[in-house]
Amino acid sequence: MHSIMYEVARQRIADQQRAAVKDGEARVSRAAARARRRARNEAAEPIATPAIPDYPHELLAAAGRETVPAQRPEAGRGRHARAGR
C-alpha cells in the first residue's frame with residue numbers, strides 16, 4: 001500500500017514538472033512571436049519629420065511665389081473699408 005501511494009505521488013510530481021516545462025516553452029514562444037510582431041511594426045513605420053523652415057522667406061521660397069496670395073486692394077473710406085485692427 002505504501003509503495004502505491006509513493007508511485008501516485010511520483011507520477012503527480014512528474015506530470016506537474018512536464019506541465020511547467022510545457023508552460024515555459026509556450027511563454028517563450030509567445031514572447032518570440034510578440035518580438036517578431038514589434039520588429040515588423042517598427043520596420044513598417046517610417047520615421048519622417050516634416051521640414052518646417054525657420055524663417056518666412058524660406059517658407060515662401062519652398063512653397064513657390066505663385067502660392068502666395070496677392071495683397072487685397074484697399075477700399076476707400078466707404079462702407080467696406082478695412083478696420084484698423
Side-chain angles (χ1 to χ4, degrees):
M1 179 81 168
H2 196 309
S3 65
I4 294 173
M5 299 273 291
Y6 176 76
E7 185 63 29
V8 169
R10 191 178 67 75
Q11 287 178 359
R12 185 180 302 155
I13 290 171
D15 289 343
Q16 288 174 346
Q17 288 176 343
R18 280 192 294 272
V21 168
K22 186 177 177 182
D23 288 344
E25 290 171 352
R27 189 176 301 117
V28 169
S29 176
R30 286 192 305 267
R34 192 170 38 248
R36 284 191 303 270
R37 280 193 307 270
R38 285 182 181 159
R40 183 177 58 232
N41 289 342
E42 288 175 3
E45 184 179 328
I47 298 175
T49 309
I52 300 174
D54 292 333
Y55 301 102
H57 68 276
E58 292 176 354
L59 176 68
L60 298 177
R65 298 284 181 199
E66 65 277 355
T67 59
V68 178
Q71 191 172 13
R72 292 189 302 184
E74 293 292 327
R77 292 190 153 260
R79 179 176 155 147
H80 297 287
R82 284 179 69 183
R85 293 188 199 177

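Side chains included, hydrogens not; waters and symmetry mates left out as well; all remaining heavy atoms used. As the structure is a prediction and not an experimental result, all values here were calculated from the model.
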**Salt-bridge criterion met for Arg10 and Glu7 (N-O under 4.0 Å)** =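 So Arg10 pairs with Glu7 through a salt bridge.
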**Message:** Assess whether a salt bridge exists between Asp15 and Arg12, defined as any Lys/Arg side-chain N lying under 4.0 Å from an Asp/Glu carboxylate O.
**Reply:** no
**Asked** If you round to the nearest 0.5 Å, how far is CD of Glu25 from CZ of Arg30?
**Response** 12.0 Å
